[in-house]
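Bear in mind that the values here come from a model prediction, so they are computed numbers and not experimental data.
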Amino acid sequence: MPTLELSAGPIDYVDTGGPGPVVVFTHGFPMNETQWRKVMPRLTGYRCVLPTLPLGAHRTPMHRDADLSQRGQALLLGEFLERLGLTDVTLVLNDWGGPQFLVSEGRAGRVGRLVLVACEAFDNFPPPPARPLARLAKLPGGVWLLMRLLRTKFFRHNEKTYGGLAKHGIPDIVLDDWFAPATRDRGIRRDLAKFAVSTGRSSSCGPRRTA
């Protein structure tokens, strides 16, 4: 898997290549590019690019001073598009709504279309099911505890966690891949916590209604 060194640190990505229209997929929290494993085979004729953003399932820690807030993650995605020279991109957003900041920050010049799947927006930062996890991430050792809980079938397949995200459930082999980096690496847990605590409702981390 190729890696691109950006200002915040290394970003792994999948690029199917080819001359077709470019579709860039963003994943959820904490997930990676395998979230789209059933979609990519259906997109013959397209160039699919799937970065693994530092949302907790990335494989290498970011720099200690990296801004991994919603806004910081979105600007990192914009930097990724720029470094790869991608233009007229169809940007597919799922779960976290941070890439909407590319529009609000005036950094969406390389994006031709936005596809909003199930995204956070307005005051839904974070959405109600994720708020207990965000509060836990603020506590010393909270992310370590969270990752230990996610190793148990009861917790990971609960309808209030990942069990409610898919009609037929997410296979354990996929969940193991998503949770392994933050389980084994303190630097990944630090990055995950940075993002999680930036989504508090009292912060100015999300797009707001203007009318």
Side-chain angles (χ1 to χ4, degrees), residues 1-15 22-33 35-36 47-127 130 134 137 143 181-182 187-210:
M1 182 180 296
T3 299
L4 196 61
E5 186 69 35
L6 301 182
S7 58
I11 298 293
D12 296 334
Y13 65 99
V14 171
D15 186 347
V22 179
V23 184
V24 176
F25 292 90
T26 67
H27 53 80
F29 164 79
M31 304 175 188
N32 61 27
E33 76 286 343
Q35 180 181 342
W36 303 102
R47 178 184 175 184
C48 298
V49 181
L50 302 91
T52 297
L53 300 170
L55 298 177
H58 52 300
R59 299 165 182 90
T60 306
M62 298 291 103
H63 303 324
R64 294 186 66 86
D65 60 350
D67 177 6
L68 302 181
S69 65
Q70 292 271 356
R71 181 174 282 103
Q73 296 267 4
L75 296 179
L76 187 63
L77 177 61
E79 182 183 351
F80 175 82
L81 300 180
E82 181 178 354
R83 286 286 303 277
L84 285 185
L86 303 178
T87 58
D88 196 31
V89 165
T90 298
L91 181 58
V92 182
L93 314 182
N94 186 73
D95 188 50
W96 72 294
Q100 296 167 77
F101 281 118
L102 290 177
V103 178
S104 64
E105 296 287 328
R107 299 288 297 276
R110 294 178 177 273
V111 178
R113 291 152 296 278
L114 284 174
V115 180
L116 306 178
V117 186
C119 289
E120 303 173 10
F122 305 120
D123 294 324
N124 194 37
F125 277 80
V143 175
I188 303 292
R189 293 196 294 274
R190 177 200 65 215
D191 294 345
L192 186 157
K194 279 188 179 184
F195 173 77
V197 302
S198 78
T199 61
R201 299 183 69 187
S202 61
S203 70
S204 57
C205 63
R208 295 292 184 244
R209 296 182 187 271
T210 58

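- Distance alone, capped at 3.5 Å, places no donor-acceptor pair between the Ser69 side chain and the Lys194 backbone.
- Residues Leu77 and Leu91 have side chains in contact (heavy-atom distance under 4.5 Å, counting atoms from C-beta outward).
- Listed here is the closest heavy atom pair of Gly28 and Asp95: CA-OD2, 3.2 Å.
- Taking CZ of Arg107 as the reference point, atom CD of Glu79 lies at 8.0 Å (rounded to 0.5 Å).
- Residues Trp36 and Val92 have side chains in contact (heavy-atom distance under 4.5 Å, counting atoms from C-beta outward).
- Partners of Glu105 according to the salt bridge (charged side-chain N to carboxylate O under 4.0 Å, His left out) rule, which considers only residues two or more places apart in sequence or in another chain, are Arg71.
- Leu68 and Ser198 get closest at one heavy-atom pair: O-OG, 4.4 Å.
- With rounding to the nearest 0.5 angstrom, the CG atom of Leu102 is 7.0 Å from the CG atom of Leu75.
- In this structure, CD on Gln35 lies 4.5 Å from CG on Asn94, to the nearest 0.5 angstrom.
- Pairs of residues two or more places apart, or lying in two chains, that qualify as side-chain hydrogen bond (donor to acceptor under 3.5 Å, both in side chains) and include a residue from residues 82-93 are Asp88-Arg113, Thr90-Arg113.
- The line from CD of Glu33 to CG of Asp15 is 12.5 Å long, rounded to the nearest 0.5 Å.
- The nearest pair of heavy atoms linking Met1 to Tyr13 is CG-O, 3.1 Å.
- None of Thr52, Asn32, Thr3 except one satisfies the side-chain hydrogen bond (donor to acceptor under 3.5 Å, both in side chains) rule with Asp12; the exception is Thr3.
- Nearest heavy atoms, Ala182 versus Gly56: CB-O, 3.6 Å.
- A donor-acceptor contact shorter than 3.5 Å links the side chain of Gln73 to the backbone of Pro54.
- Contact of the Val111 side chain with the Leu81 side chain is registered, since non-hydrogen atoms from C-beta on lie closer than 4.5 Å.
- Listed here is the closest heavy atom pair of Ile188 and Pro61: CD1-N, 3.5 Å.
- Between Phe195 and Phe29, the angle of the ring planes lies from 30° to 60°, which puts this pair in the tilted group.
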request  = Start with the C-alpha distance between Leu114 and Val103, add both sets of side-chain angles, then the distance that settles side chain to side chain contact (heavy atoms under 4.5 Å, CB included), and finish with yes or no.
outcome  = CA-CA 10 Å; Leu114 284 174; Val103 178; 3.8 Å; yes
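- Among all heavy-atom pairs drawn from Ala137 and Ala193, the shortest one is O-CB, 4.2 Å.
- The shortest side-chain heavy-atom distance between Arg189 and Pro181 does not fall under the 4.5 Å cut-off.
- Once rounded to the nearest 0.5 Å, the distance linking CG of Leu53 with CZ of Phe80 reads 8.0 Å.
- Separation of atoms CZ (Phe25) and CG (Leu93) is listed at 11.0 Å; rounding is to 0.5 Å.
- Listed for the His58 side chain is no donor-acceptor partner under 3.5 Å among the backbone atoms of Ile11.
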